[in-house]
Amino acid sequence: MQDFLTRLPKAELHLHIEGSLEPELMFALAQRNGVALPYASVDEVRAAYEFDDLPSFLTLYYQGMAVLRTAEDFFDLAMDYFRRAHGEGVVHVELSFDPQAHLSRGIRLDVQVEGLTRAMRLAERELDISTALIMSFLRDRSAEEAMEVLEQAAPYWELIDAVGLDSAELGHPPSKFAEVFERAKWLGLPGVAHAGEEGPPSYIREAMEVLDVCRIDHGVRCLEDPALVAELVERRIPLTVCPLSNVRLKVVETLDAHPLPALLEAGLTLTLNSDDPAYFGGGMLDNFLACQRAFGWSRQTFVDLARNAIEAAFMSEERRDVLLTRLVAETN
Ligand code: ADE
Ligand code: ZN
C-alpha cells in the first residue's frame, strides 16, 4: 500500500509554504541572514512543536518565518518543499503565502513573489510539478489592510491564481472580508477560505454565501449542521482536509477519532492535504499513510480522493487531462 500511495499522483491544494520551513533550513537561513533564533539546535526546535490549539501554533509559525528575508530565501523555501513533495509522488502544489506576515516585518511584496514564482517555474520545468499561487489574507488583521495588500499586489494579479483567508479563526468570521473577496472576484481571482477548523459551521456557510468561495479549507466542523452538509454535497464544494494538522492542533483528539469517515459517508467532496508539513509531522504521503492506518481505506477510496483534488485544482484543462490520465494509468 505504501508503494501504491507513493505512486498515486497527488495534488496538494492546502499548503502554507511558510509552514513547510523545516528546522534545518530555518537554521541555515538564520545563519545566512544573521537572525537570532530562540533555539540552540534543530532538535530543540522540533521539541518546541507541541501545540494546544491553532493560536499556540500560529505564534511559532510567525516566529519561524522571521528567517525569510530575501527573494533567495523564499526561493529556497519553496524549492526545498517541491523536492520533498516530488519524492512523495506529488504532481501539483497550490502554495498559499501570507504577504502581511512578511510586509509587517519590512519584507516587500516583490521580494516574496519573485522568490516564490521563480521556484514555481523551476519546479514545473525540472520536477514536472504544476503549481498555483494563493495569496492569503490574515483574518485576525483588519479588512482594510487586506484590501490594501490586494491593491498593492496589482503588478502580480496575473501571477496569482486565487485569494485565501487564514490565521486565527475564532472571532474573525468570513463576512469581515466581504468587500475584499468581492474586489478579488471582480479582478477575476477566485476565493478559498479556512472555515470550520476551530470556528463554527456558520463560518463555513458565510464563506460559501458571502465570500462565494470555490473551496473550503478544513471545513471539518460542517458535520454539526446537517443542512450545511447537504448544501456542500449538492454544490460539490471541495473541502481541503488536513488530517495530521487536525491532530496536532487538537481539532480532534486522535486520528482514529477524526470525522473523515463520516465526511466521506456524507458524500462530501474531500481532498487530503498537509497544511504546514514542517510543524505537523509530515507531508502529503505521511497524511495518506496515516489515513490508511487509521481507517483502513481501500485503494479505490484513495483514488477517489486523488481525483477530487485534481478536479478541484487551479490548473489548465490540458494539465488536468494529463493528470487524470496518469491517475488511471498508475492505479489500474
Ligand atoms: N496558517 C497556517 N496554518 C494555518 C491553519 N492550519 N489554520 C489557519 N491559519 C493557518
Ligand atoms: Zn491551513
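Given the structure is predicted, the values throughout are model-derived calculations rather than measurements. Counting starts at 1 for both ligands and their atoms, in listed order. The analysis underlying the following values was restricted to heavy atoms, covering all of them including side chains, and did not include hydrogens, waters or symmetry mates.
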*Asks:* Quick one, Phe177 with Phe181, criterion ring pair (Phe, Tyr, Trp, His ring centres under 6.0 Å). Give me CA distance, side-chain angles, the key distance, then yes/no.
*Replies:* CA-CA 6 Å; Phe177 295 91; Phe181 276 64; 7.2 Å; no

*Asks:* Please determine whether a side-chain nitrogen of the Lys or Arg among Arg183 and Glu151 lies less than 4.0 Å from a carboxylate oxygen of the Asp or Glu.
*Replies:* yes

*Asks:* Output the list of atoms in ligand 1 that are nearer than 4.0 Å to some heavy atom of Phe57, sorted by atom number.
*Replies:* 2 (C), 3 (N)

*Asks:* Is the closest heavy-atom distance from His218 to ligand 1 below 4.0 Å?
*Replies:* yes

*Asks:* Please confirm whether Asp217 approaches ligand 1 to less than 4.0 Å, judged on its heavy atoms.
*Replies:* no

*Asks:* Which atoms form the tightest heavy-atom contact between Asn287 and Pro243, and what is the distance?
*Replies:* OD1-CD, 3.3 Å

*Asks:* Do ligand 1 and Asp98 have nitrogen or oxygen atoms that lie under 3.5 Å from each other?
*Replies:* no

*Asks:* Could you check which N/O/S atom of His194 is closest to the Zn ion (ligand 2)?
*Replies:* NE2

*Asks:* Which heavy atom of the protein is the closest neighbour of atom 9 (N) of ligand 1, given with residue, atom name and distance?
*Replies:* Ser167 N, 2.8 Å

*Asks:* For atom 6 (N) of ligand 1, what is the nearest protein heavy atom, given as residue, atom name and distance?
*Replies:* Asp275 OD2, 2.7 Å

*Asks:* Please identify which atoms of ligand 1 are closer than 4.0 Å to at least one heavy atom of Leu58.
*Replies:* 1 (N), 10 (C)

*Asks:* List every atom of ligand 1 that sits less than 4.0 Å from any heavy atom of Glu197, numbering the atoms from 1 in the order shown and giving each element.
*Replies:* 5 (C), 6 (N), 7 (N), 8 (C)

*Asks:* Please report which non-hydrogen protein atom sits nearest to atom 4 (C) of ligand 1, along with the residue it belongs to and the distance in Å to one decimal place.
*Replies:* His16 NE2, 3.5 Å

*Asks:* Got a sec: does the CD of Glu179 have more than 12 other heavy atoms crowding it under 6.0 Å?
*Replies:* no

*Asks:* Which atoms of ligand 1 have any heavy atom of His194 under 4.0 Å away?
*Replies:* 5 (C), 7 (N), 8 (C)

*Asks:* Do the numbers put Arg299 on top of the ring of Phe4, so that NZ or CZ is under 6.0 Å from the six-membered ring centre and no more than 45° off the axis?
*Replies:* yes

*Asks:* Answer yes or no: are there more than 12 heavy-atom neighbours, outside Gln300 itself, under 6.0 Å from its atom CD?
*Replies:* yes

*Asks:* For Asp275, is there an ion pair with Arg248 - N to carboxylate O distance below 4.0 angstrom?
*Replies:* no

*Asks:* When you check the gap from the basic side-chain N to the acidic O, do Arg307 and Asp304 get nearer than 4.0 Å?
*Replies:* yes

*Asks:* Measure the spacing between CD of Glu124 and OG1 of Thr117 and express it to the nearest 0.5 Å.
*Replies:* 10.0 Å

*Asks:* Against heavy atoms of Asp276, which atoms of ligand 1 measure under 4.0 Å?
*Replies:* 2 (C), 3 (N), 4 (C), 6 (N)

*Asks:* Just to the nearest 10 degrees, tell me the angle at the Zn ion (ligand 2) spanned by His16 NE2 and Asp275 OD1.
*Replies:* 90°

